[in-house]
Chemist: 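This is the structure I want to talk about, given as structure tokens.
Below, each value reflects all heavy atoms present in this structure, side chains not excepted, and no hydrogens, waters or symmetry copies.
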Amino acid sequence: MGTTGGLDFSFDRRVVSDYDSLRGHPPEVAREIGQAIAAQMPSSARVLELGVGTGRIAVPVAQAGCQVVGMDVSAEMLGELAARIRQHTLDDIELVQADITAPPFIDRGFDGAMAVHVLHLVSSWAEVLDQVRRMVRPGGVLVLGRDWVDPESFSGRIRTAFRKTVVEVGTEMLPPGASAAAAPSGGAAIVKTLVQQGAVPTGEGELVAAEWTTELSPRQVLDGIRSRDDAESWVLPDDVLTETMQRLDALAQQEWPDLDQPLPVLRRFMLGCFRYEV
Ligand SMILES: C[S@@+](CC[C@H](N)C(=O)[O-])C[C@H]1O[C@@H](n2cnc3c(N)ncnc32)[C@H](O)[C@@H]1O
């Protein structure tokens, strides 16, 4: 694939081949996530996923009874998902290669939409949300999903230290699609924009769709950041990443002397759900 507006990285073959092993959910967790999202939608809903990727979310949502249209700009990510669709004979997922900033769909053609780890990649995310409002029928639902890692776990603490160290080393920590001039795409800004566009949160705050524990060693987390498998380190200049990792390695060695000792990490998958006013 090429790059998208303002992106200086791509979901290319390297990212694709590692994506599911790094970010995939255990089968039972994937099932729970699919069912929780489908439960927010009308029965047999036609649902658009923005940035469908390898179908980590779309596949279980389709298996839970929705008809999913997955849009993504990356031919490689879609290729991986197409292979999975063939392998599991999934009839209820349609794939469309397109940029979410220019979606090729008619007004009110969907009962719902979902977006997981994609809006922060696009500086014009507010316009993307306005397009979603156009494509989803009144009364339809938008689900925003995200993976959550316990900030108190060792992995959460390494990530917090990583972000702090990047800033100390001298770079502003911006997500890949953002620029200092663009509006921030944090949760509160997104909720405010959605409400201005006529979407109403369906509950108080986010829902926990699934909760589970994994085991990882500090070295695995450090190496994930170092090798740029971790999305937050994709966009760092080489010298900033090298200096950051030197400081982070020293800090981790002090805190967890056996870097290879697996430790538990509590994880959740969170859903923010919004309904477009009729
Ligand atoms: C971090 S992955 C998330 C994939 C999937 N939503 C998930 O949670 O597993 C982001 C996906 O968004 C896609 N993407 C990024 N910018 C995009 C754009 N402007 N238009 C369409 N897809 C985009 C990437 O190709 C990639 O597949």
Chemist: Flag yes if L251 and L241 sit in one hydrophobic cluster, no otherwise; membership is Ile, Leu, Val, Met, Phe, Trp, Tyr, and two members link when side-chain heavy atoms are under 4.5 Å apart.
Modeler: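 Shared cluster, no.
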
Chemist: Without swapping roles, check the side chain of R275 against the backbone of G139 for a donor-acceptor pair under 3.5 Å.
Modeler: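 It does hold such a pair.
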
Chemist: When you compare the side chains of R84 and Q87, does any donor N or O come within less than 3.5 Å of an acceptor on the partner?
Modeler: no

Chemist: Specify the closest pair of heavy atoms between G53 and D72, including all atoms of both residues, with the distance to one decimal.
Modeler: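 Minimum heavy-atom contact is N-OD2, 2.8 Å.
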
Chemist: Within a strict 4.5 Å, meaning less than it, do heavy atoms of the S233 and R226 side chains meet?
Modeler: no

Chemist: Just by distance, do the side chain of R46 and the backbone of G109 share a donor-acceptor pair under 3.5 Å?
Modeler: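 Yes, because the side chain of R46 sits within donor-acceptor range (under 3.5 Å) of the backbone of G109.
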
Chemist: Might you work through the side chain to side chain contact (heavy atoms under 4.5 Å, CB included) test for L81 and L95, ending with a clear yes or no?
Modeler: CA-CA 9 Å; L81 176 49; L95 303 184; 3.4 Å; yes

Chemist: Mind checking whether V136 and V141 have side chains closer than 4.5 Å, heavy atoms only?
Modeler: no

Chemist: What closest approach, in Å, do V132 and A113 show between heavy atoms, and which atom pair accounts for it?
Modeler: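 Nearest pair, atom of V132 first, then A113: CG1-CB, 3.8 Å.
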
Chemist: As a test of understanding, state which of I225, D239, T165, D249 forms a side-chain contact (heavy atoms from CB on, under 4.5 Å) with T244.
Modeler: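 Testing T244 for a side-chain contact (heavy atoms from CB on, under 4.5 Å) against I225, D239, T165, D249 leaves exactly one candidate, T165.
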
Chemist: With a 4.5 Å heavy-atom cut-off, do L50 and M114 have their side chains touching?
Modeler: no

Chemist: Out of curiosity, E80 CD to I85 CD1, how far, rounded to the nearest 0.5 Å?
Modeler: 11.5 Å

Chemist: Would you mind reporting whether I93 and V59 have side-chain heavy atoms less than 4.5 Å apart?
Modeler: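 Counting from C-beta outward, V59 and I93 do come under 4.5 Å.
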
Chemist: Assess, by modelled atom type and distance only, whether the side chains of T214 and R267 contain a donor and an acceptor separated by less than 3.5 Å.
Modeler: yes

Chemist: About how many Å separate CZ of F110 and CG of L48, when rounded to the nearest 0.5 Å?
Modeler: 4.5 Å

Chemist: Got more than 12 heavy atoms from elsewhere within 6.0 Å of CD, E215?
Modeler: yes

Chemist: Kindly indicate whether the side chain of Y276, heavy atoms from C-beta on, has any atom under 4.5 Å from the side chain of P138.
Modeler: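 Contact flag for Y276/P138 side chains = no.
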
Chemist: Do R247 and V169 come within less than 4.5 Å of each other through their side chains, counting heavy atoms only?
Modeler: yes

Chemist: Hey, mind stepping through R219 and D258 against salt bridge (Lys or Arg N to Asp or Glu O under 4.0 Å) and telling me if it holds?
Modeler: CA-CA 9 Å; R219 195 184 303 285; D258 182 357; over 6 Å; no

Chemist: Show every donor-acceptor pair shorter than 3.5 Å between a side-chain atom in residues 189-204 and any protein atom, with sequence neighbours excluded, or say none if there are none.
Modeler:
residue	atom	partner	partner atom	Å
T193	OG1	A189	O	2.9
Q197	NE2	A126	O	3.2
T202	OG1	C273	O	3.4

Chemist: Identify the two heavy atoms, one from P104 and one from M71, that lie closest to each other, and give their separation to 0.1 Å.
Modeler: CD-SD, 4.3 Å

Chemist: With a 3.5 Å distance limit and no angle check, can you tell me whether Q220 reaches the backbone of S217 through a side-chain donor-acceptor pair?
Modeler: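 Present.
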
Chemist: Under a single-linkage definition using a 4.5 Å side-chain heavy-atom cutoff for Ile, Leu, Val, Met, Phe, Trp and Tyr, are L207 and W212 assigned to the same hydrophobic cluster?
Modeler: yes

Chemist: Tell me every residue that passes ring-ring contact (aromatic ring centres under 6.0 Å, His included) with F269, counting only those two or more places apart in sequence or in another chain.
Modeler: H25

Chemist: So, R134 side chain and F105 main chain: donor-acceptor pair closer than 3.5 Å or not?
Modeler: yes

Chemist: Run the side chain to side chain contact (heavy atoms under 4.5 Å, CB included) check on L119 and L129 step by step: do they pass?
Modeler: CA-CA 9 Å; L119 291 176; L129 290 177; 4.0 Å; yes

Chemist: Is there a continuous path of hydrophobic side-chain contacts, each under 4.5 Å between heavy atoms, that joins M270 to L144?
Modeler: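 No, it is not one cluster - the side chains of M270 and L144 are not joined through contacts under 4.5 Å.
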
Chemist: Does the side chain of V265 reach to within under 4.5 Å of the side chain of F154, using non-hydrogen atoms?
Modeler: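 Of all side-chain heavy-atom pairs linking F154 with V265, at least one is under 4.5 Å.
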
Chemist: So how far is it from Q40 CD to Q35 CD, rounded to the nearest 0.5 Å?
Modeler: 13.0 Å

Chemist: Closest approach of V118 and G51, non-hydrogen atoms and distance?
Modeler: CG2-CA, 4.0 Å

Chemist: Got a second to check how far D150's CG is from E211's CD, nearest 0.5 Å?
Modeler: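 So the CG of D150 and the CD of E211 are separated by 9.0 Å.
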
Chemist: Are V208 and V61 connected in the hydrophobic side-chain network, where two residues link if heavy atoms are under 4.5 Å apart?
Modeler: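 Result: no, two separate clusters.
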
Chemist: Strictly distance-based, threshold 3.5 Å: is any side-chain N or O of H117 a donor or acceptor partner for the main-chain N or O of D147?
Modeler: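 Looks like yes, one N/O pair under 3.5 Å.
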
Chemist: Do the side chains of I158 and L266 join up, straight or via other hydrophobic residues, at under 4.5 Å, putting them in one cluster?
Modeler: no

Chemist: Start with the C-alpha distance between V69 and V96, add both sets of side-chain angles, then the distance that settles side chain to side chain contact (heavy atoms under 4.5 Å, CB included), and finish with yes or no.
Modeler: CA-CA 7 Å; V69 177; V96 176; 4.0 Å; yes

Chemist: Does any N or O in the side chain of R137 come within less than 3.5 Å of the main-chain N or O of D111, such that one atom is a donor and the other an acceptor?
Modeler: no

Chemist: Between D99 and T101, is there a side-chain donor-acceptor contact under 3.5 Å, judged purely by atom types and distance?
Modeler: yes

Chemist: Do the non-hydrogen side-chain atoms of P60 and I33 ever get within less than 4.5 Å of each other?
Modeler: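 A side-chain contact is absent here, since even the closest heavy-atom pair is not under 4.5 Å.
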
Chemist: Testing the basics here: between Q97 and S74, what is the closest heavy-atom pair and its distance to 0.1 Å?
Modeler: NE2-C, 4.3 Å

Chemist: Quick check: closest heavy atoms across C66 and D92, and the distance to 0.1 Å?
Modeler: O-CB, 3.6 Å

Chemist: How many angstroms lie between CZ in R268 and CD in E206, if you round to the nearest 0.5 Å?
Modeler: 10.5 Å

Chemist: Decide yes or no on side chain to side chain contact (heavy atoms under 4.5 Å, CB included) for L236 and F162, but give the supporting numbers first.
Modeler: CA-CA 12 Å; L236 295 182; F162 165 67; 3.7 Å; yes

Chemist: Measuring from L248:CG to Q253:CD, what's the distance to the nearest 0.5 Å?
Modeler: 12.0 Å

Chemist: If we ignore hydrogens and angles and just use 3.5 Å, is the side chain of S124 paired with the main-chain N or O of E127 as donor and acceptor?
Modeler: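 Side chain of S124 to backbone of E127: no pair is present.
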
